[in-house]
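Only a predicted model underlies this, so the values are computations on that prediction, with no experimental measurement involved. Naming: A, B, ... by sequence-line order, numbering from 1 per chain.
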Amino acid sequence: MAHPTRGAPLTATAEADVIGGLHRALADWFAAEARDLPWRHPDCSPWGILVSEVMLQQTPVVRVLPVWREWMKRWPRPADLAAEAAGEAVRAWGRLGYPRRALRLHAAATVIADEYGGSLPDTEEGLLALPGVGGYTAAAVAAFAFGRRAAVVDTNIRRVHARLVRGEALPAPSLTAAERRLAEELLPDDRGASVRWNVAAMELGAIVCTARSPRCDACPVASACAWRAAGEPPPSYVPKGQAWHGTDRQVRGAVMAVLRAASRPVPRVLFEGPGPAVADDGGPVAAQLARLHALAPAPEQLERSLEGLLADGLAAEHDGGLALP
DNA sequence: AAAGCGTGGTG
DNA sequence: TCACCAAGCTT
């Protein structure tokens, strides 16, 4: 494997020492500097951890916190969520984004309640089979909820590995086999140590080894960092941002905001454009409709977006109108 | 396997 | 301002 020091190749023993040093340094740093997050508390249930992991997919911690607390209060066990309509999960999702995650969490809760007697599967393989759970989330829940030795590979850990070991500013655009291999090689043999390494590396990426302006002065492993040693070379490629203005996604988002605000089905004609005054339930719906209309989507784009939401199960037909499922 | 999927804070 | 970015998954 690549090793985090310059110069002559290390013997296997020396390399193990270097890696052991990284393990210790990060564990100490984590113990002193980690954020106090509720899903890291020892009394947090596996369900709470799963919910947090799904909410944290592409969504920052600060926005997840209040919604996660609300979900835990309202649905402390998977069966509690499974007993509700899926639309309640979508509504309670609020503005976290990617609302299909709420749908999948509801579906996962149903599987857990119906097929697992209400307890989460405790293996990566079992977790991976749940709706909305991919490689990252399965490994994270296996490690953080069940103490298993699993190589967790998220965007933070990928960036830490890219810099610390590979000497590159950013990881490749998509996860490579080499990255999985490296993550596996760096993982401590001991289960407890492996869990601590996973959280610590993730935390380091989140608050020190950040994408934009890394705080290398506060980094516990800066002296071992290959990227630093190489003079912090710039990224070898330009990440292409996600289009937003004028896209179906923007329209879908505006439609979902309408449905979340509505307590009854919204007639289709109201989505199409500002028309004659409409009796709504008081204002929030009208305000979200106005936001949608301000985007002025072409009729075919609006149609495509509505059909997409129906196909995805994020919207349903009721009495000739649209509502949450 | 590349593209699609929300949202809001920030440099 | 505006593009980038955030504990990815699915098809």
[X] [atom1] - [N] [atom2] separation (whole Å):
X        : N      : atom1 : atom2 : result
A:Arg215 : B:dG11 : CZ    : P     : 12 Å
A:Leu65  : B:dG8  : CG    : P     : 17 Å
A:Leu309 : B:dC5  : CG    : C1'   : 10 Å
A:Trp93  : B:dG6  : CH2   : C1'   : 11 Å
A:Met256 : B:dC5  : CE    : P     : 13 Å

Could you measure between the two [atom1] atoms, the one in [N] and the one in [M], and give it in whole Å?
N     : M      : atom1 : result
B:dG6 : C:dT11 : P     : 14 Å
C:dC4 : B:dA3  : P     : 16 Å
B:dC5 : C:dC5  : C1'   : 16 Å
C:dA7 : B:dA2  : P     : 23 Å

Side chains of [X] and [Y]: closer than 4.5 Å at any heavy-atom pair?
X        : Y        : result
A:Leu50  : A:Thr137 : yes
A:Val54  : A:Arg104 : no
A:Asp36  : A:His41  : yes
A:Arg101 : A:Leu105 : no

Is [X] reaching over with its side chain to a backbone N or O of [Y], donor-acceptor style, under 3.5 angstrom?
X        : Y        : result
A:Trp71  : A:Ala92  : yes
A:Trp93  : A:Gly97  : yes
A:Trp227 : A:Pro233 : yes
A:Arg215 : A:Ile207 : yes

So where does chain A start and stop touching DNA chain C, 5' to 3', when the test is distance under 4.0 Å to a non-hydrogen atom? C:dC4 to C:dT10

Would you mind classifying the nucleic acid contact of [X] as base, sugar-phosphate or nothing, using non-hydrogen atoms under 4.0 angstrom?
X        : result
A:Val64  : nothing
A:Gly205 : nothing
A:Leu37  : base
A:Arg291 : nothing
A:Arg63  : base
A:Gly97  : base
A:Ala140 : nothing
A:Ile157 : nothing
A:Gln250 : nothing

In chain order, what residues pass the salt bridge (charged side-chain N to carboxylate O under 4.0 Å, His left out) check against A:Arg148, with sequence neighbours excluded? A:Asp122

The single option from A:Leu306, A:Leu270, A:Val258 that satisfies side-chain contact (heavy atoms from CB on, under 4.5 Å) with A:Leu322 is A:Leu306

For A:Tyr98 and B:dT7, are the ring centres under 5.5 Å apart with planes inclined under 30°? no

Nucleic acid contacts of residues 38-61 of chain A, taken as heavy-atom distances under 4.0 Å to DNA chain B: A:Gln58, A:Thr59

Pairs under 3.5 Å (N/O, protein and nucleotides 2-4 of chain B):
from: B:dA3; atom 1: OP2; to: A:Lys240; atom 2: NZ; distance (Å): 3.4

Tell me which pairs pass ring-ring contact (aromatic ring centres under 6.0 Å, His included) where either residue lies in residues 235-269 of chain A, with sequence neighbours left out. none

Using the test side-chain contact (heavy atoms from CB on, under 4.5 Å), find all partners of A:Ala183 that sit at least two apart in sequence or belong to another chain. A:Ala151, A:Val153, A:His161

Checking side-chain polar atoms at under 3.5 Å, does A:Gln57 have a donor or acceptor matched by the opposite partner on A:Tyr136? no

